[in-house]
Amino acid sequence: MSFSRQELLITTIARLLQGCRLVATGASSPIPGAGALLARAQSNGKMRVNVLGSVRNDFLCDGGVELFDLAGQGRLDAFFLGGGQIDGEANINLVGAGGEYPQTNVRWPGSFGSGYLYYLVPRVILFREEHSRRVLVPKVDFISSAGPKNDGTYRPGGPIGLLTNLCWFAFDRDKRRFRLDSVHPGHTVEEVRDNTGFDFDCPDSVPATASPDAATLTLLRTRIAAEIAETYPRFVAQVFPDLAAAGE
Amino acid sequence: MSFSRQELLITTIARLLQGCRLVATGASSPIPGAGALLARAQSNGKMRVNVLGSVRNDFLCDGGVELFDLAGQGRLDAFFLGGGQIDGEANINLVGAGGEYPQTNVRWPGSFGSGYLYYLVPRVILFREEHSRRVLVPKVDFISSAGPKNDGTYRPGGPIGLLTNLCWFAFDRDKRRFRLDSVHPGHTVEEVRDNTGFDFDCPDSVPATASPDAATLTLLRTRIAAEIAETYPRFVAQVFPDLAAAGE
Amino acid sequence: MTRELGQVPVHGLDQLAAQIPNGAKIAVPPDYSGVAMALTRAMIRRGLRDLHVVCVPVSGLQVEMLAGAGCLGTVETSAITLGEYGTAYRFQAALKAKQFRMMDATCPAVHAAIQAGGKGIPFMPLRGLLGTDLLKNRPDWTVIDNPFSKDEDPVVLLPAIRPDFAIFHAPFADRNGNVFIGRRRELVAMAHASTQSLVTVEEIRDVDLLASEESAAGTLTAAYIGGIAEAPRGAWPIKLWDIYDYDEPHLKLYGEMARTSEGFARYCDQFVQDQKAAE
Amino acid sequence: MTRELGQVPVHGLDQLAAQIPNGAKIAVPPDYSGVAMALTRAMIRRGLRDLHVVCVPVSGLQVEMLAGAGCLGTVETSAITLGEYGTAYRFQAALKAKQFRMMDATCPAVHAAIQAGGKGIPFMPLRGLLGTDLLKNRPDWTVIDNPFSKDEDPVVLLPAIRPDFAIFHAPFADRNGNVFIGRRRELVAMAHASTQSLVTVEEIRDVDLLASEESAAGTLTAAYIGGIAEAPRGAWPIKLWDIYDYDEPHLKLYGEMARTSEGFARYCDQFVQDQKAAE
């Protein structure tokens, strides 16, 4: 069965979430949301997923702070962070680039919960579809949240890796470096190298990112697409047009 | 109009609460509760009263911590504290007496919120009906909450005085001593002196505690007695038997 | 097979009590929030030992009975009181006999330390407490100079409390294991701070508490809950909110029997051991 | 004479805005909690200056418009975003022109500092933040060594935030001035931390929110509220819970007009000044 770029990202995310008890997704996150719901469907009822913006898949009752308190309690196993810039030590920048802070040339919305969740959530998946030297820089201009330093400070959380349109980088916490773990079907190591602004470890042979099997794709295109459509109808209309059409 | 001991205490408390915006009473406090409701009735709608254990007069919605948070915010103007022992520097003991802590000879329930509210609430009224050398001691055996020390530590709150069955002692925060301010009708300075275990200032002439006027007594015996009966029916049956009979 | 509400297992009372090991740290609520008395009796039947009980912020008959049954290792509380139903004789006797460690506190200190546990922060500051024998007898508390103040400004820091279990009784759970707690927010704080909550309920209702804004506002979400048992009148002989009141005659009977350890033993024979089948 | 709900005065929108002086510190909620946009337009009409806006923990169109109208002195927030409705042009332009002081934060830091304000404690610790430029650019935050840890353990302390006003929009107030806030507990935290809350509501209902446990659980009690104004569709063009949605065409129109300061001025002429009578 053939699959789209988004379907590969979703199924890859679902694989990265295996074994989690509690996963949350933030604002404007249809692919992580679908990935988490897929992982839940495959977990035999062992995983809880909280999709921000959902009604049916949001079980929080204690206001906006509860997600952060869950992380502080050690209950939140996985979360997703992006970045206007991400560097090779896994520092992320959600604030702005160029010029002098706070009068940066480019200003993004801001750090949201990253300055906290990145430190507390054991399995943070860095997720940024755009894979370019503009985004993946040698050094971020502003550290919204720092990569793990191994300096002995309290830090149960941190990145397990970085997923883009081209590849999956695993993050090696000891070496404080990314390692190219798999390249998505149809792309090459050279393409990754050309479009990455930071240094990373690269084994001699890099496998292709595992393709989803037919059963997983079917599950995704039916039940999961329907579930995520509640929160992200436009995303579903675009990525799963058949389901969207059937639903109308 | 004649009045009972309890009615004098209630109307005295109401007078001490004049000008407060927010007053709360704790568990097992029918006289402070009635005093607060009387003060509210006389405040022209300027006072809020929260009676612990009431349904109609409890406006808190944020759990047991809200009362303490209100105090921390500076919103709670007055509260009542008692003590198994109270000494001349206004230290109070709600834990136990004799022997060595925690294996005291006598053990009382515990400090409840006193170790906090006494420091935060500007107008704490110490209230203990029993006026004896057993209660009013030279020095408490255990400090559940300390009298003001004027040592520069943060302390917006503290006692304004001590009300007993015999008298009203005002607390002089500068001198860290009680001053006998008024003796209840029917009692004498000598009686107070004989039954008080701590030293206190005593002017040459001590007035009698002001008796309630007829209008106040009428208000108390009708509307206020009915209001407090919701929370303390047995108290009302005992102190306002006419109202209790009429209500049956 | 164990029945489940969503991902929350439903147990019998003794099964639920069996989740708790000796030495566990448990958080319990005050009478007005809903005390799991039926579960407490199951804990006594189980013969639990060395429990560290954190009262949020006070307790009554629950700790009194755990004391009488020798279940306690530590009591952390702002008060133990049976209110107008008399003296906590078994608690006082066990305290005097040094059968447990006593950690006297003040209500907002327990609330703050539990909130710190629920936020995953290492400590919480609290005003007040300076100059008290409470502070003097709590080596686990510390005083620092407020770093935000120009002048000397000592402030007490309370280390976070992270109980193993929050244990309480509530009116009902829904079909997904969410529990209605109304405005008893100390239950939320206890549940957030604890590794898991063991909850008894009057009944399980085939509703979804998260379906409406009103009911969701008074709900503890199932993610915090490790097990539920149905226990009609599970707070008895303590009241439950405005649903049922204290059983006054029974509490008077308890007060009389519990004056002596022998009397307490007879009480337990009659109302704890023999109630096993009933519960 | 002003109408009152219990002890809470009911004002018109411009009267309510008139309570706020220049330089006031105001706390505002995120879009999903209920933003008082009609009141924000009244604040712009009033020509307020030098406001210190604390976003709990983020904001969008509200701060964007206050920036465009020159009302801001300080913005303390974890993000300013119009989401899919485009770029916050006026906010970005005012920031670049140094028209206000920017205090970048992370969501749980704002929540924690507001909660500290509501508890009356001087500060709250927070994990995380170490090594960030957020911390480096917040001289009001400080780092101490956790006094409860044997090893070196730096932890950030955030000073409490005590705004003058919490400002938000809610579905309804009851006849006693209590406000239904559902599970939007950041509104409770904001109200507790602030000297008073100025609240707009879709409607005033002749009910008593404290009468049932369910409705009381989702209620902000009147004691915190300094004034209420009725403002049907008062969050427009932002959504209000599940009661009404974003006005997408209007937000697109705003996004187009607000690209330039001239366009923003025309927008204000049309939708802020001229709406005075309507609001």
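Worth saying up front: this structure is predicted, and the values here are computed from it rather than measured. Letters A, B, ... are given to chains in the order of the sequence lines, protein chains preceding strands, and every chain is numbered from 1.
For chain C, the option among B:Gly115, B:Ala146, B:Ala71 with the highest count of heavy-atom pairs below 4.5 Å is B:Gly115. Chain C forms the most heavy-atom pairs under 4.5 Å with one residue out of B:Gly152, B:Gly99, B:Cys61, and that residue is B:Cys61. Chosen from C:Ala112, C:Pro108, C:Ser149, the residue pairing most often with chain B at heavy-atom distances under 4.5 Å is C:Pro108. Taking B:Trp108, B:Tyr118, B:Tyr101 one by one and counting their heavy-atom pairs under 4.5 Å with chain C, the maximum is reached by B:Tyr101. The greatest number of non-hydrogen atom pairs below 4.5 Å with chain B, out of C:Arg127, C:Gln115, C:Gln92, is found for C:Arg127. Residue with the most contacts toward chain B among C:Thr81, C:Leu130, C:Val58, C:Asp153: C:Leu130 (heavy-atom pairs, distance under 4.5 Å). Chain C forms the most heavy-atom pairs under 4.5 Å with one residue out of B:Leu60, B:Leu67, B:Asn105, and that residue is B:Asn105.
Contacts between C:Asn137 and chain B at a heavy-atom distance below 4.5 Å involve the side chain alone, from C-beta outward. Proximity to chain B is absent for every atom of C:Pro57, based on heavy atoms less than 4.5 angstrom apart. Both the backbone and the side chain of B:Val65 come within less than 4.5 Å of a heavy atom in chain C. Only the backbone of C:Ala105 comes within less than 4.5 Å of a heavy atom in chain B; its side chain stays farther off. For chain B, the nearby parts of C:Asp104 are the backbone and the side chain; heavy atoms of each come within less than 4.5 Å.
A donor atom on one side chain and an acceptor atom on the other are not found under 3.5 Å apart for B:Ser145 and B:Ser114. Side-chain contact annotation: B:Asp141 with B:Asn93, donor-acceptor N/O pair under 3.5 Å absent. If you check the side chains of B:Arg5 and B:Asn165, you find a donor sitting under 3.5 Å from an acceptor.
Nearest approach of B:Gly88 to B:Phe171, heavy atoms of both residues: O-CE1, 4.2 Å. The heavy-atom pair separating C:Leu72 from C:Val63 by the smallest distance is CD1-O, 3.9 Å.
Using cut-offs of 30° and 60° on the angle between ring planes, the pair B:Phe235 and B:Phe240 is perpendicular.
Pairs of residues two or more places apart, or lying in two chains, that qualify as salt bridge (Lys or Arg N to Asp or Glu O under 4.0 Å) and include a residue from residues 129-142 of chain C are C:Glu76-C:Arg138, C:Asp133-C:Lys136, C:Arg138-C:Asp140.
Heavy atoms of other residues, nucleotides or ligands lying less than 6.0 angstrom from CZ of B:Arg56 number 12 at most.
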